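To start, the structure under review is shown below, and the notes come after it.
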2 protein chains.
Amino acid sequence: MYRVKVYVTLRESVLDPQGNAVKNALHSMNFNEVEDVRIGKYMELAIGKTDRNVEEIVDEMCKKLLANPVIEDYRYEIEEVAVK
Amino acid sequence: MYRVKVYVTLRESVLDPQGNAVKNALHSMNFNEVEDVRIGKYMELAIGKTDRNVEEIVDEMCKKLLANPVIEDYRYEIEEVAVK
């Protein structure tokens, strides 16, 4: 079995209103040292036995569903784990 | 300056309907090897010079705003970077 961690972030050039809202909220709570906040997604997937290359599968899933390649970047870590 | 990465995940015992929806979507796209999906948040913060302990600040921000400690776990990585 494979444990996959996927990180999806907005591209540098894309505005992040949600991150701005969080930054403003932090400022209003007196965390004035916060200069920037960018919000992304983090996903943990469990993938079972497969004949295909896992990296290929994960990349295809990211491109087709998990991330929007037009405005988002993604990266992932794949770890093989022994089945309990 | 510090670059902080915060990962917020639902606790193991909490149901994740969003993750389930993504899993079902992946199955309908013939990614049948996917056994489980859990969705979390990933945040990148830039924190400027401060007299306080950065780890303390980040932990306080997570507890008060970035995560809901009742149903979510969080972890973070702090990296000191040279100011450009």
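Lettering follows sequence order; numbering is per chain, from 1. It should be emphasised that the depicted structure is a prediction, and the values quoted were computed from it without experimental measurement.
Residues B/L45 and A/Y42 do not share a hydrophobic cluster, defined by chaining ILVMFWY side chains whose heavy atoms lie under 4.5 Å apart. Placement of A/I47 and A/M1 in two distinct hydrophobic clusters is found when ILVMFWY residues are connected by side-chain heavy-atom separations under 4.5 Å, directly or transitively. B/V70 and B/L10 fall within a single hydrophobic cluster, where Ile, Leu, Val, Met, Phe, Trp and Tyr side chains are chained together by heavy-atom contacts under 4.5 Å. One hydrophobic cluster holds both B/Y76 and A/L26 under the rule that ILVMFWY side chains link at heavy-atom gaps under 4.5 Å. With hydrophobic clusters built from ILVMFWY side chains whose heavy atoms lie under 4.5 angstrom apart, A/V58 shares a cluster with B/M29.
Counting heavy-atom pairs under 4.5 Å between each of A/M61, A/M43, A/R52 and chain B puts A/M61 at the top. When each of B/V37, B/V8, B/V4, B/V6 is scored by its heavy-atom pairs under 4.5 Å with chain A, the top score falls to B/V37. When each of A/L66, A/V54, A/T9, A/I39 is scored by its heavy-atom pairs under 4.5 Å with chain B, the top score falls to A/I39.
Counting all heavy atoms, side chain and backbone alike, B/E33 lies closest to A/K49 at CB-O, 4.4 Å. Scanning both residues, A/E60 and B/F31, for their nearest heavy atoms gives OE2-CZ, 3.7 Å.
B/T50 has its side chain out of reach of A/N32: every pair of non-hydrogen atoms, C-beta onward, lies at least 4.5 Å apart. Between B/L65 and A/V22 the shortest side-chain heavy-atom distance falls below 4.5 Å. Residues A/K41 and B/K41 are not in side-chain contact: their nearest non-hydrogen atoms beyond the backbone lie 4.5 Å or more apart. With contacts defined as side-chain heavy-atom distances shorter than 4.5 Å, the pair A/I57/B/V34 does not qualify.
Neither the backbone nor the side chain of A/K23 comes within contact range of chain B; no heavy atoms are under 4.5 Å apart.
Distance check: B/R38 CZ to A/K5 NZ gives 14.0 Å after rounding to the nearest 0.5 Å. Separation of atoms CG (A/D36) and CD (B/E44) is listed at 9.0 Å; rounding is to 0.5 Å.
Atom CD of B/E35 has more than 12 heavy atoms from other residues, nucleotides or ligands within 6.0 Å. The 12-atom threshold is not exceeded at CD of B/E12, counting heavy atoms of other residues, nucleotides or ligands nearer than 6.0 Å.
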